Amino acid sequence: MKPENPLHLTTQKCTTGCPILDRFLAGGIPCNSITELVAESGCGKTQLCLQLVLSAQLPISQGGLAASSLYFYSEFPFPFRRLQQLSSSFSSSHPDLFSTHDPCDHIFVRGLQSADELLGLLDRIDTFLTNPPSRLPVKLIVIDSVAALFRSEFENTPGDLKRRSSLFFGIAGKLKLRAKRFGLAIVITNQVVDLIGSDTANGVRVGNLSCLYSSGRRVCSALGLSWANCINSRLFLSRVDEIAGKETAVKDDEGGNSVLVCTRRRMHVVFAPHLPESSCEFVIVREGVFGLDER
Amino acid sequence: MEVSSLPLSPSQRGKLIAAGYTTLSSLSSVSAPDLARDLNISEHEAIEILKVSSQSSKKIDGCHAIVTGAQTAWDMLYEEEFMTRITTSCADLDNILGGGISCKEVTEIGGVPGIGKTQLGIQLAVNVQIPIDYGGLGGKAVYIDTEGSFMVERVFQVAEACIEDMPYNYPQKDFQARKNKMQPENFLANIFYFRVCSYTEQIALINYLDKFVAENKDVVLLNQVTTKFNEGSYQLTLALGDSWSHACTNRIILYWNGNERYAYIDKSPSLQSASAAYSVTGKGIRDAASHCKRVRIM
């Protein structure tokens with residue numbers, strides 16, 4: 001056993017594809033670590049993940065990992081069309097890199113039905129990670145989402161919850177081992193559950209935000225405290241639908257009044273060993289997910 | 001270690017064993033006059049024998065370990081007053097800890113994710129290296145990371161801030177001159193970092209550390225304890241159960257109180273149960289924003 005010298009341990013980061021989000025995340029998604037994206041549906045978790053598997057292919061000089069990605073999905077169907085859309089927009093903005101091949105050649109996708117299946121797969125992917133069918137080794141693993149793997153099979157009994165927890169630790173343990181061995185960045189998405197009741201009754205405060213709000217409701221991450229201990233960083237994506245003011249009310253065809261609704265999206269750092277408490281507004285457009293500069 | 005394997009003459013060995021001195025430890029706490037009387041030899045010869053035996057015990061362990069049965073309580077009390085402590089950089093927290101995290105004791109730090117356990121660990125790994133004339137220990141740290149949360153850029157930040165703050169806490173004239181030798185890189189180089197992924201690795205590491213620490217003096221161990229809170233009727237308890245909690249000398253629980261981070265001394269043989277607020281800033285662990293709120297003694 002030999003100690004490592006921290007001077008030689010700089011953490012590599014994978015760019016998100018947007019310089020403002022990268023700055024917010026101090027460089028991007030870190031390698032050798034599990035980053036969780038937690039949000040309710042429709043907030044942009046999958047969009048961001050699709051963007052990451054593309055930007056991971058960028059050379060290291062441009063903030064990428066020069067790597068292929070492995071995308072495990074548990075919420076069917078996989079958004080192939082959106083990936084194609086993003087991919088063609090990506091290759092046209094980097095023509096020198098993708099003149100001869102399709103970015104999708106470096107993205108490997110696998111559906112998952114259960115947590116046990118994931119556990120079994122993780123034992124067998126080592127050779128795949130170092131020698132995938134494309135010429136770039138795999139350095140990014142996305143699991144979208146981990147919550148869907150667990151939410152249907154487990155009852156609320158102590159026995160089942162214990163079994164669920166041990167699966168969390170098993171999966172996280174295997175992921176972290178490979179993250180360390182192969183220098184992987186791991187991104188996992190998680191869902192939210194509603195918090196009902198008064199302030200202190202439910203929900204333990206985890207991280208910087210005293211409560212997580214999305215779509216005007218108090219929410220908290222699914223899967224509880226045990227899972228929260230398995231990850232290294234947690235980012236919360238929220239959305240708020242704002243009425244864009246009476247002055248902008250537009251008369252629609254039938255003569256009634258319609259109102260412009262504007263969706264404001266924010267990414268918050270719930271906890272991370274290297275990031276302070278902060279949040280950043282972002283938008284989702286055709287070309288992908290981009291942060292908004294608030295200075 | 002047997003007396004029979006000491007490099008002494010056979011007659012000396014025979015006398016020792018006959019008088020009941022069969023192990024090295026039995027020789028380590030006897031005085032020369034007593035030994036001379038028991039063996040019926042001259043005091044000069046007894047001194048020689050004792051010298052040989054203490055040299056042998058040094059050779060075996062690689063460090064000067066007097067393998068005795070016990071220290072006197074008086075000696076221990078004397079030692080305790082000089083027991084070194086590592087500051088946490090938060091005055092309130094240092095106060096309830098009696099000055100800081102003490103060496104020679106195992107302190108467990110537990111709390112929910114995001115409360116600051118890793119941050120405290122990193123702060124301690126940096127603070128142990130503060131030079132002695134700045135109120136520190138001038139030591140090094142062994143950091144055992146079982147989670148993968150040790151981010152070098154953060155350690156760099158904390159080390160930078162520690163160097164910056166040093167002259168304010170202990171003003172010294174020649175700080176500028178010494179500053180050139182104290183760069184964040186030096187602090188990083190003195191942290192021996194181990195990444196452990198399983199409990200078997202952890203056990204192997206602990207066995208290795210015995211040898212490692214003996215070769216490198218003044219090393220403080222920082223095992224980042226990821227203690228998990230299990231919810232049970234709104235009572236949070238540390239995971240790993242009661243059998244684990246017996247293994248540690250001190251236990252500190254970190255928790256949220258409204259919007260502030262607090263530390264609570266849950267178990268300590270010498271410290272009063274008390275809680276203190278602290279904060280995690282860009283510079284590391286520091287006093288809470290509401291520093292004027294004094295410490296609450298339970």
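Nothing here was measured: the structure is a model prediction, and the numbers come from that model. A, B, ... follow the sequence lines: proteins, then strands. Residue 1 opens every chain.
- Applying the side-chain contact (heavy atoms from CB on, under 4.5 Å) test between A:Pro6 and each of B:Phe187, B:Phe156, B:Tyr193 identifies B:Tyr193 as the sole match.
- Contact annotation for B:Glu201: both backbone and side-chain heavy atoms come within less than 4.5 Å of a heavy atom of chain A.
- Between B:Ser149 and A:Pro273, the shortest heavy-atom contact is O-CB, 3.3 Å.
- The backbone N or O of B:Gly148 lies less than 3.5 Å from no partner atom in the side chain of A:Asn32, so there is not a single donor-acceptor pair.
- With a 4.5 Å cut-off on non-hydrogen atoms, B:Ile191 touches chain A through its backbone and its side chain both.
- Of the two parts of A:Lys174, neither the backbone nor the side chain holds a non-hydrogen atom closer than 4.5 Å to a non-hydrogen atom of chain B.
- Taking every heavy atom of both residues into account, B:Tyr208 and A:Pro3 meet most closely at OH-CD, 4.3 Å.
- Taking every heavy atom of both residues into account, B:Ala189 and A:Asn5 meet most closely at CA-OD1, 3.7 Å.
- Closest heavy-atom contact between A:Lys176 and B:Glu147: NZ-O, 3.1 Å.
- In this structure, no portion of A:Ala179 lies under 4.5 Å from any heavy atom of chain B.
- If you tally non-hydrogen atom pairs under 4.5 Å between each of A:Lys13, A:Glu277, A:Arg234 and chain B, the highest count goes to A:Lys13.
- Chain A forms more heavy-atom pairs under 4.5 Å with one residue of B:Arg154, B:Glu185, B:Glu153 than with any other, namely B:Glu153.
- Residues B:Pro113 and A:Leu225 have side chains in contact (heavy-atom distance under 4.5 Å, counting atoms from C-beta outward).
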